[in-house]
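Proteins come first, then strands; the chains are lettered A, B, ... in the order of their sequence lines, and each starts at number 1.
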Protein chains: 4
Amino acid sequence: MSARMVGTMDGTKQQRRGNTRQRIQDVALDLFAQQGYEKTSLREIAESLDVTKAALYYHFKTKEEILVSIFDDLTQPILDLTEWGKQQPHTLETKQEIVRRYSEILAGAAPLFRFMQENQAAVRELRVGETFKDRMQGLREIIVDPDAALVDQIRSVSAIFTLHAGMFFIQDLDATPEEKRKAVLEVATDMVTQAHQRTKAT
Amino acid sequence: MSARMVGTMDGTKQQRRGNTRQRIQDVALDLFAQQGYEKTSLREIAESLDVTKAALYYHFKTKEEILVSIFDDLTQPILDLTEWGKQQPHTLETKQEIVRRYSEILAGAAPLFRFMQENQAAVRELRVGETFKDRMQGLREIIVDPDAALVDQIRSVSAIFTLHAGMFFIQDLDATPEEKRKAVLEVATDMVTQAHQRTKAT
Amino acid sequence: MSARMVGTMDGTKQQRRGNTRQRIQDVALDLFAQQGYEKTSLREIAESLDVTKAALYYHFKTKEEILVSIFDDLTQPILDLTEWGKQQPHTLETKQEIVRRYSEILAGAAPLFRFMQENQAAVRELRVGETFKDRMQGLREIIVDPDAALVDQIRSVSAIFTLHAGMFFIQDLDATPEEKRKAVLEVATDMVTQAHQRTKAT
Amino acid sequence: MSARMVGTMDGTKQQRRGNTRQRIQDVALDLFAQQGYEKTSLREIAESLDVTKAALYYHFKTKEEILVSIFDDLTQPILDLTEWGKQQPHTLETKQEIVRRYSEILAGAAPLFRFMQENQAAVRELRVGETFKDRMQGLREIIVDPDAALVDQIRSVSAIFTLHAGMFFIQDLDATPEEKRKAVLEVATDMVTQAHQRTKAT
DNA sequence: GATGAATGAGTATTCATTCAT
DNA sequence: AATGAATGAATACTCATTCAT
């Protein structure tokens, strides 16, 4: 269920060698995503792992740092994508490719993005809040043409939101996850395309 | 900043007539929206109003009930809109009108909707969580055509999501709030229109 | 169910003329007996009667005073009995008569005595605690012969305790309440008789 | 005064090794017995021990659990006695032995039994309430002959109550505690004997 | 690489009581 | 004869964090 698989080849209890840090991150992310950041207590995380709270403090300085560490690991791809995007010409093809790759990133770390979406208030005063905003801002600067009409700027931004929405608000639609992801991507691509073309048509 | 203004014409402290209940709701909504539901304590609300915590309990049975009361008051318009929508033919014009009116409802109770958006995790296990889901579901059933292609269903849902996102994620764009609202509405209308027309074209 | 019946001949809501004080006492005693003194809140009493807490304060100065008023009304018979007993010769017949009459008093105000028995800790630091002790002490002085052997003194005290216990700890025995009361009375009388006779035999 | 002594040979404050749990139980029982369960707050217990309230929660999950733990430790002997009694023939000698041993158990955990007696109302809705009832029921089944006349059944039950009463309602009689315990035991034994013989005489 | 024991600050909630109307 | 509005003090309980071992 978790973002990163923890190889537990043998069912023995003695698998906890050097991987405790990872296990904490995995369990924490699952709980954060399910119940929210504030509602998830360190006691809960510790009990889920069958270690003491103090053990968490051996690996992380604070509760926030657990989140930060997960976040940093899992949002690195956004940075990479932005970096790549900046070096490309601002063509339609680039934008479409960004949208496509972003869709993959989202799918690859769904619990984290779900968490970020559903805990904006809690996350706002945490360091990750700012960082996330910055990373998203980076993406925006590539996708949104500052010379475009307001409507088209919004169309571009909305393309990204559509991807986000697609991850969580569409679960009841009647299709396989993969079909849905494809369809969402198509809609988002479409929006970014329309925005681009209308701008160039001016 | 609050949804409903509490006229305090005179600065005197002795204005505590019958309006305390309202004042609690107003202050609570502001704080919930700013800091999140969990992070906002009853102590904080009470201190903001210069009353004791016990006074809050005279007016509301629990913390949750404060939220519920605000929510019930402020989301009634969605119910009304859905009711109206159900009685209309499922034409393009109806859908556009729904989008337009929904945009107005959103603008009219912005702090609440911002709160709901940013506190989904916290709200999920509260009664308002379910209720909100239900109310949104009602809207969806009018706007989304079950016979439409998957992409077009997504386009419709995304239109609504765009309206929501538009309220909070677009603040840095360079335009007045009213211009932005108009533009967001235009994009959303456009999406719903495309979804409708593509479906009918089949 | 309550100690004193409140004539509610008509089912109308308007029966609350001058009897509110009484109704408070009745409801309070029932709740005190069921849940204990500490666990019964004035809110609960008020809600049971469909009046406000403040109304209770119109009739009684404090929570304790509600209990005191009930207690004073209902334990008067013990005082009367003691008064009567003092004027009698300390014969066996007198003691037996005391036991018999006390059994009736107990049966006539069962909820109060149950309450006193089950809430000794709570009642100890209330005025009624002291008062009750005093009243029981009065009875004891008549029934217990100071010249009797220790065992026989205990036998006498235990007779009274048997009456008390008989009211509540014997509910599962297979007999009608009236049969049980009679049987308990017989045992108690027997104990007091044995105590008396052994003493006189010396 | 407490049931179990906590050896604090040195008066130093730094004795907090592994005995905190025990100290909590001891202090709690003393306070519960003195003031009642409801009236005794965790703050009070904590302050008596010079630790914080949170420390109590490290050792016990709830206030009730403190009581349960004390209760379980201290009423185990009743279970043992019942177990023993079940394996014996239901002779007079067995019943007398049961009464004798029960008297010792009572004396050995006087504060707890005093507490149970004086806090029946409070204890009724706690787990210990049910458990205690069950344990007493076990004893009763051995001592009370179901074929005996109602009076004799009551006589047997009353024997047990006499033991209880003996612990608390006889403090003002003029004799040493040990003398009193002996005398109470004699009375109780007598009652059980009479009940037994009358039944067999039939 | 962890635990056992504890803390300080906080939380939502409840209670008996007051008082102007 | 009673209410509406409020208070001050308390309660059981939780949390993130610390630190000696």
Rounded distance in Å - [atom1] ([X]) to [atom2] ([N]):
X: C/Asn19; N: F/dA2; atom1: CG; atom2: C1'; result: 14 Å
X: D/Leu56; N: E/dG8; atom1: CG; atom2: C1'; result: 14 Å
X: C/Asp50; N: F/dA1; atom1: CG; atom2: C1'; result: 15 Å
X: A/Arg23; N: E/dG1; atom1: CZ; atom2: P; result: 13 Å
X: A/Leu49; N: E/dT3; atom1: CG; atom2: C1'; result: 15 Å
X: C/Phe60; N: E/dA16; atom1: CZ; atom2: C1'; result: 16 Å

### Query
Dot-bracket for DNA chain E: what is it, with Watson-Crick or G-U pairs under 3.5 Å, [ ] where a pair crosses earlier ones, and | for a pair to another strand?
.||||||||||||||||||||
### Task
For the residue pair D/Tyr58 and D/Thr20, establish whether any side-chain heavy-atom pair is separated by less than 4.5 Å.
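No. Closest side-chain heavy atoms not under 4.5 Å.
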### Query
What are the two closest non-hydrogen atoms of A/Tyr57 and A/Thr62, and how far apart are they?
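The answer is CE2-CA, 4.3 Å.
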### Query
Shortest non-hydrogen contact from D/Val128 to D/Met116?
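Minimum heavy-atom contact is O-CE, 4.2 Å.
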Counterpart residues, salt bridge (Lys or Arg N to Asp or Glu O under 4.0 Å), relative to [X] (two or more places apart):
X: C/Glu130; result: none
X: C/Glu44; result: none
X: C/Arg43; result: C/Glu47

#### Entry: Footprint string (nucleotides 14-21 of chain F, 5' to 3'): B base within contact, S backbone only, - free, heavy atoms under 4.0 Å
BBBBBB--
### Message
So, taking the atom named CG in D/Leu112 and the one named CZ in D/Arg114, what distance separates them when rounded to the nearest 0.5 Å?
### Response
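D/Leu112 CG to D/Arg114 CZ: 12.0 Å, rounded to 0.5 Å.
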#### Entry: Atom pair CD/NZ of B/Gln120 and B/Lys133 - distance to nearest 0.5 Å
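It comes to 10.0 Å.
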[X] side-chain N/O to [N] phosphate OP1/OP2 under 4.0 Å:
X: D/Thr20; N: E/dA6; value: yes
X: D/Tyr58; N: E/dA5; value: yes
X: A/His59; N: E/dA2; value: yes

Can I get a per-line list of side-chain donor-acceptor pairs under 3.5 Å for residues 63-72 of chain C, giving both atom names and the distance, sequence neighbours left out?
| from | atom 1 | to | atom 2 | distance (Å) |
| --- | --- | --- | --- | --- |
| C/Lys63 | NZ | C/Tyr37 | O | 2.8 |
| C/Lys63 | NZ | C/Thr40 | O | 2.9 |
| C/Glu64 | OE2 | C/Arg127 | N | 2.8 |
| C/Glu65 | OE1 | C/Lys61 | N | 3.3 |
| C/Ser69 | OG | C/Gln25 | NE2 | 2.7 |
| C/Ser69 | OG | C/Ile66 | O | 2.8 |

